[in-house]
Structures are given as C-alpha cells and as structure tokens.
There are 2 protein chains.
Amino acid sequence: MVQKPTLETVAKLAGVSIPTVSQALRGTGRISEETRRKVVSAAQQLHYLTDQKAASMRSGENREVGFVINQLSNPFNAEVISGVVDLLEAEGYLVSILDTRDDANRQRQQLESFIRHGRGGLLWVPTVGTDDTTYSLLRAHRVPTVTFLRNVSPSFDHVGIRNAEATYQATQHLINLGHKTVAYLGGTQMTLVRRDRISGYQKCLSDNSLCRPLVWDSEDTRLEGLNSMNTLLKAHPEISAIVCNGDMVALGACLALQRIGLVPGREVSVVGFDDIQDAEAATPRLTTMAVSPVKLGRKLAQVLLARIREPDMPVTVSEVSAELLIRETTGPSQNAVAS
Amino acid sequence: MVQKPTLETVAKLAGVSIPTVSQALRGTGRISEETRRKVVSAAQQLHYLTDQKAASMRSGENREVGFVINQLSNPFNAEVISGVVDLLEAEGYLVSILDTRDDANRQRQQLESFIRHGRGGLLWVPTVGTDDTTYSLLRAHRVPTVTFLRNVSPSFDHVGIRNAEATYQATQHLINLGHKTVAYLGGTQMTLVRRDRISGYQKCLSDNSLCRPLVWDSEDTRLEGLNSMNTLLKAHPEISAIVCNGDMVALGACLALQRIGLVPGREVSVVGFDDIQDAEAATPRLTTMAVSPVKLGRKLAQVLLARIREPDMPVTVSEVSAELLIRETTGPSQNAVAS
DNA sequence: TTACCTTGATATAACGTTATAGCATATGTC
DNA sequence: GACATATGCTATAACGTTATATCAAGGTAA
C-alpha cells in the first residue's frame, strides 16, 4: 500500500502480463475464466483503481463532464443539477459543477481550464456577455456542448423553457382576475430569457388591449426582490399585480408588501417563476409558473449523452412548457370588485 | 483547426522540436527570447491549450481539486464554495463540486470515481454514515484531504466551527432575556456537529440551573422547519424560545409561528445559525449565530494548499468562532415581564 | 499428413506531455 | 591556442493505460 497500485503491480502479483490484466478487468479480448479470476483477486487485494487519466489519454474515451452554471446558490439550479447528476452518474460519468456567478471573465478562465483538463462534455448556462471567441474556443476543441436556459448559439444543442408562452399564461391569469395594471419585476440585463419572458408579458397585455407595459429590474434574490418592490411601489403605487422573473424575486416582493401591511393575493397579486421548494412553504403560498427541474435535468443529460455518442447528429433544441400553479398570492382585483 | 492542436503541431509550425515548445511555453529551461516569441505566436495561432491529463501524468503535478459537499442547495454551503473557489482559482486550480445529498452510497461512488480520475486534492463534508473503508480508501491513494464542518477522522486536516461555544452563547442570550423554557430545533441524526451544538445548549441550561433540555428533529429546509415547529408547538405549547440548528430551519419555524398569529421575538424567540442572506431579508429579521462563509472558504483553501505543498506536515485543526447577531426574532420573555 | 481455424495469452507501439541527459556552438580565461 | 564554461536547442525515455499485431498451442477438416 506504500506504492500507488498500477497495472504493472497487479500483473506481477497475478503472474501475467500487463495487457492481460487490462483486458481481464474490462472484460474485453479473449481471457480464460481462470486467469480472469486470478487477476480480479489480485486487483482487489491491491485496491487497484484504473487511472482514468492514462486510460482516457490512450482510448480517447472520457466519462467526465462538467456543468457550468451561472448561480449555484439558486435553489432551482440546485434541483436541476440533481436531475442531471442522477442520470449521468448511473451511466458511469463523473459530473463536476463550476459556478461562474455570471462573470464572463471567470467563465472564460473556467472553460479554458475545462478544456485543458480534457472534459468529455459540457452542460452550460452561458454568462451574460459571453463573446464569440468563447464559442469558437469550444467548437475548435470539439467539446460536446448543450446550452441550458440561454440559447445563445445555433451551433450547440439546447434545452430550455418556453418562456414567452409561460409569462403570457401568467399575465392572462392576472388579467382574467380583473387586473388592469400588471407590472413585470425581475432580471437586470437583457438576457434572451428575460427578453422572451417580457415579450410574452407584453404580447398578452396588447392582446387584451392593455397598453402600459411596466418593467422593473431586480437581481434574482429575496433581498433584492424586497428592495426593488419597495422602489416599484413608491414609483407606481397604482399597480395591482406583478409577474416576476423568478420565485426568489417574487418572495422578496411579497415580503415588501407584507412590511407595509398589504396582503399578497388581496391588495396586490404576485406570480413567480420556477416553483422552488420555498414557493410552497411561504406565507401566503406563492402562485407560480412551475417547470419540473428534475425533468429538465434529465432532458439535459439525455441530450448530452446523445451528442457524445453521435457527434455528427444535427443540432437539437428542446423546450419544455411551464405550468401555472395557482396558490394564494393571486386573487381578484379589488378595483374590479369595486367597479 | 480540424485537428486537436498538440505540442507536435505547434513545434512543426514554429520549426523547432517538441521539448523546445514545452519549455518555451512554461518558461523553464534555456530558451532564447527569439524562439520563445516564435513558439508563443505559433501556439496562439493554433489555439493550443496544454493537455493537462498528459502533463499531470508525466509530471505528477495536478491542479484539479474537488469539493464533495452534503447539500448543494443550502445557501450557506453555496457561499462557502464561493470563498474556496475564489482563492483556489487564483492559484491556477480547477475546483469541481460534487453533491452527495448526504447519501453514503452515492458518496462512495463519487469518491472512487474521484480517485480514478486522479484529483490532486479533496475538500470534504463527509456524509452521515461514512464508514472506515472510505477513510482508508482515501489514505491508501494518498489524497490530500481536508474535512469541513464534520471532523470525522484524526488523519485528515479539518476546518470547522466552534459549535458548542456558539450554541452556548445563543442559549445564554435567550436566558438573559428571561426565557426559562428553551428548546433546540433542527438536525435529524447525531452528526458530530449537531452533538456539539446540542451539548453547548445543554451545558448552558445546566450552568443556569435550568434542567429541561428539549431537542426536536428537523431537516435543514424551510419547509421542514415549518412542519417540525408545528409539531413541536403542539407537543410543548409552553416553550418560549428556541435555538435552531440552521437558519433555514429557523426561518421555517418563524413561518409556523406567524401562521398561528404569533410574532417571532415577542411570544416566542428564535435564534438561527449560519447568517445566510435570507436571515437579513426575512420579516422579522432573524437573530442568528453568524459565521463568515467566505472566511471559512478561504481558510479551507489555505489548509488544502498547505497540505498539497507539504504532504508530511502534521495534521491541523482550525476552528472559527461564531458571533451572535441580535436582530428582531429575539426579545424579552413575556413570562418574565408578567412575573 | 497438410492446411486452416480457434483459443489464450503476450510484445509492441501509441496517446501528449515533461524530466534528464546530451550535444553542438559561442564565450571566456590563462 | 588550449581548456573550461555558458548558451540554446534536441534526443530519448518515461508516466499508466489501451489498441493492434503477433504468436504458440491445440483442435478440426480435407
């Protein structure tokens, strides 16, 4: 145990050659049952574990993939990761997670490091401000890549959410409840995701002949949601409902309402996005657009596996629909009742 | 660009030998300024990136480390990870994160995979129920290892929190406010961390001649905190204050109180543990035992680096103190005022 | 018998690096 | 001018695997 066990050590102990050991352990080639047993027992005795660095260097195969994500602390992301990891680990892959914290420089560093270490696949939520050289870097090194949520380039497979459809549905729900002044709260930059969500919100307003779209920025945390809602209410006290870019923002917004004595779902209605665990636990329980993070994670894993196995298959784009989950933070407009 | 660039490709383009390229790019050996420039330009032209698998195989050096953690979705952990990653990435390391979700089997799989892939270092929150063979696996393969939070084995370096001291302080704070019936809420199994925290709580009670320790289980999520607090209140309506095993539980407990019309900090006082972002954002703002996750993360990274550089140094144990942050969820006992 | 196939193993080369040693050529010293 | 030393580069081997080719021994068919 003083020396790292290698094929050579095992071979010596079993009294056979190195290739024999390699084949016996992997079940390839023509090895008699008897020597196979000898080899396996020797390997166990020495606690031998294949050195994958050496193996993958020779064989080209590589069961290490990475998930480069924009915000690890977001519980929705954490749940997606669970789904991905479950499926890929079952297939013998090692999934490692990198957090860019939406910093393009950090992301660049991480991806270069990623390529240098020769990972066999990439699941990727591209940072805001990712530039073209990053895409060509990945293409040049032939990294099988699936983008997630942010569909930034037609050369990569993609798995995402039907964002415009979802916010349209959320907005329509509020309008059906009689709300006339519906604002959009959340996001800070014009990512594709946010653009799509806002466009669904706007289209719904105009389809219903309500023509005052109002979009307000906020980081995707409870704290920022609280602060932004405060400023929004000060600037536009007339709004009676909001569609949020994420549950964390929505929960923060509910807190803001409660602090000034308003009840979410009575004076002001709130719709979230994601259906994280806390949405159900909050008081009042949050109405939200639910997407199953585990289902998304599985889909992601499946697409990546397909791409790894068939590098030349045509690029695929998969989008899953969100589902409106009506809980307690949405209710009939007070104005509508009054009029 | 059709072929993966290697030292050979670069050497051919620059018109020099392979070792020359290797040395020129790393700045070792004796290379003239002129050829160095030639080589660097050729490398850039081909988008050459060192294949670390091959490099580390030959040189033995390995700048890949892993952080094997028990619960990725916990925001406190996410913040610790940030601290670790900041420091290690600056030193040229690639940090990848694995989530055991506190499942010993999964953890075993992940660690074996981890070793096979030859990682150069490990930061580790061991799962509940980790058995001895796992420790010896890590020792046998000489993986530089630092345990975090759960100090399970004297053969690894450790970074953790002064848990008993912290809960003692929290409990004393409640007692000073006049509370006589203080319960402990959170955790599900007898991990070392929880044992230490409970012992601090108990010692404080007995030091103050209050002899009714009451410990109640709960998973470390808001939802479970809510449910557990409900059952606790039903079983023991007399309690006037609780010390919690984590902020998530504490926030859930506050929700439970609010649902039945009680105000945290008035009828029942609540102290959390961790000081996650939401502790400040909650209504009312959560009193908690604060440990700086970023500071912990940095410490972790430093200890690991030291261990990697000096594999034979004596084992170190570092513990940081938590600090009582008094906010709004703790207040004078109503009984004390009445009597 | 000769020719051919099957079985069970091994020898050898290769993956892309880096460490070591070696070999010219230029520079300095006495 | 002879010798030592410094400079700049290259040849070679090695890291631990796996892929390919090869080889000996035994079995089968004509």
Side-chain angles (χ1 to χ4, degrees), chain A residues 3-40 42-43 46-64 92 113 115-120 140-142, chain B residues 3-40 42-43 46-64 92 94 113 115-120 141-142:
Chain A
Q3 194 62 10
K4 176 187 171 193
T6 68
L7 283 185
E8 192 183 354
T9 340
V10 178
K12 219 166 266 173
L13 181 62
V16 294
S17 72
I18 290 177
T20 303
V21 176
S22 173
Q23 293 177 357
L25 292 178
R26 288 178 303 138
T28 66
R30 289 185 298 244
I31 304 289
S32 72
E33 190 52 28
E34 190 196 338
T35 53
R36 203 191 61 77
R37 256 198 287 274
K38 257 195 321 196
V39 168
V40 167
L46 295 171
H47 289 103
Y48 172 78
L49 289 178
T50 305
D51 179 336
Q52 292 292 354
K53 276 209 289 281
S56 106
M57 186 168 147
R58 177 66 242 255
S59 71
E61 230 214 342
N62 185 346
R63 304 202 155 224
E64 256 183 306
S113 186
I115 291 170
R116 270 198 292 265
H117 287 94
R119 292 295 194 277
H141 289 266
R142 323 248 121 156
Chain B
Q3 195 62 11
K4 177 188 170 192
T6 69
L7 282 186
E8 192 184 353
T9 339
V10 178
K12 218 165 267 172
L13 181 63
V16 294
S17 73
I18 290 177
T20 303
V21 177
S22 173
Q23 292 177 356
L25 292 179
R26 288 178 304 138
T28 66
R30 290 184 300 245
I31 304 290
S32 73
E33 190 53 29
E34 191 196 338
T35 53
R36 203 191 61 78
R37 255 198 289 274
K38 255 195 319 194
V39 167
V40 167
L46 295 171
H47 289 102
Y48 172 79
L49 288 178
T50 305
D51 179 335
Q52 292 293 353
K53 278 207 290 278
S56 105
M57 187 167 146
R58 177 65 244 254
S59 70
E61 229 214 343
N62 184 348
R63 305 205 154 219
E64 256 182 306
L94 177 63
S113 186
I115 291 170
R116 269 197 293 265
H117 287 94
R119 292 294 195 278
H141 284 86
R142 324 246 124 158

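We name chains A, B, ... by the order of the sequence lines, and we start the count at 1 in each one. Side-chain atoms are counted along with the backbone in the values below, which use heavy atoms only and exclude waters and symmetry mates.
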Excluding sequence neighbours, so at least two apart, what forms side-chain hydrogen bond (donor to acceptor under 3.5 Å, both in side chains) with A:Ser59? none
Checking salt bridge (Lys or Arg N to Asp or Glu O under 4.0 Å) for the pair A:Glu34/A:Lys38: CA distance, chi angles, key distance, verdict? CA-CA 6 Å; A:Glu34 190 196 338; A:Lys38 257 195 321 196; 5.3 Å; no
Please find the pair of heavy atoms, one from A:Leu7 and one from A:Ser22, that lie closest to each other, and give the distance. CD1-CB, 3.9 Å
Contacts of B:Arg116 that satisfy side-chain hydrogen bond (donor to acceptor under 3.5 Å, both in side chains) - sequence neighbours left out: none
Select base, sugar-phosphate, or nothing to describe what B:Thr20 touches, counting heavy atoms under 4.0 Å on all strands. base
Between B:His47 and B:Pro5 the two heavy atoms that sit nearest each other are O-CG, 3.8 Å
Can you list everything that forms a side-chain hydrogen bond (donor to acceptor under 3.5 Å, both in side chains) with A:Glu64? Sequence neighbours excluded, please. B:Arg119
Under 4.0 Å, heavy atoms only, any strand: does A:Thr28 hit a base, just the sugar-phosphate, or nothing? nothing
Set out, line by line, the N/O atom pairs under 3.5 Å between protein and nucleotides 21-25 of chain C.
none

Could you tell me the separation between the CZ atom of A:Arg36 and the C1' atom of C:dA9, rounded to a whole number of Å? 16 Å
Here the salt bridge (Lys or Arg N to Asp or Glu O under 4.0 Å) pairs for residues 11-30 of chain B, sequence neighbours left out, are B:Glu8-B:Lys12
State which residues pass side chain to side chain contact (heavy atoms under 4.5 Å, CB included) with A:Arg63; sequence neighbours excluded, sorted by chain then number. A:Glu61, A:Tyr93
Partner residues of B:Ser32 under the side-chain hydrogen bond (donor to acceptor under 3.5 Å, both in side chains) criterion, sequence neighbours left out: B:Thr35
First and last nucleotide of DNA chain D in contact with chain B, 5' to 3', at under 4.0 Å to a heavy atom: what are they? D:dT7 to D:dG16
Does any pair with a residue in residues 48-57 of chain B pass salt bridge (Lys or Arg N to Asp or Glu O under 4.0 Å), and if so which ones, sequence neighbours excluded? B:Lys4-B:Asp51
Smallest heavy-atom separation, B:Thr6 atom then B:Tyr48 atom, equals C-CE1, 3.6 Å
Per nearest nucleotide of DNA chain D, the residue lying toward the 5' end, B:Ser32 or A:Arg26, is B:Ser32
Excluding sequence neighbours, so at least two apart, what forms side chain to side chain contact (heavy atoms under 4.5 Å, CB included) with B:Leu13? B:Ala42, B:Gln45, B:Leu46
Contact list for DNA chain C against residues 9-17 of chain B - heavy-atom distance below 4.0 Å: none
Which heavy atom in A:Val10 sits nearest to a heavy atom in A:Val39, and how many Å separate them? CG1-O, 4.1 Å
Taking DNA chain C as the partner, which of residues 49-64 of chain A come within under 4.0 angstrom of it by heavy atom? A:Met57, A:Arg58
So B:Ile31, base contact, sugar-phosphate only, or nothing? Heavy-atom distance under 4.0 Å. sugar-phosphate
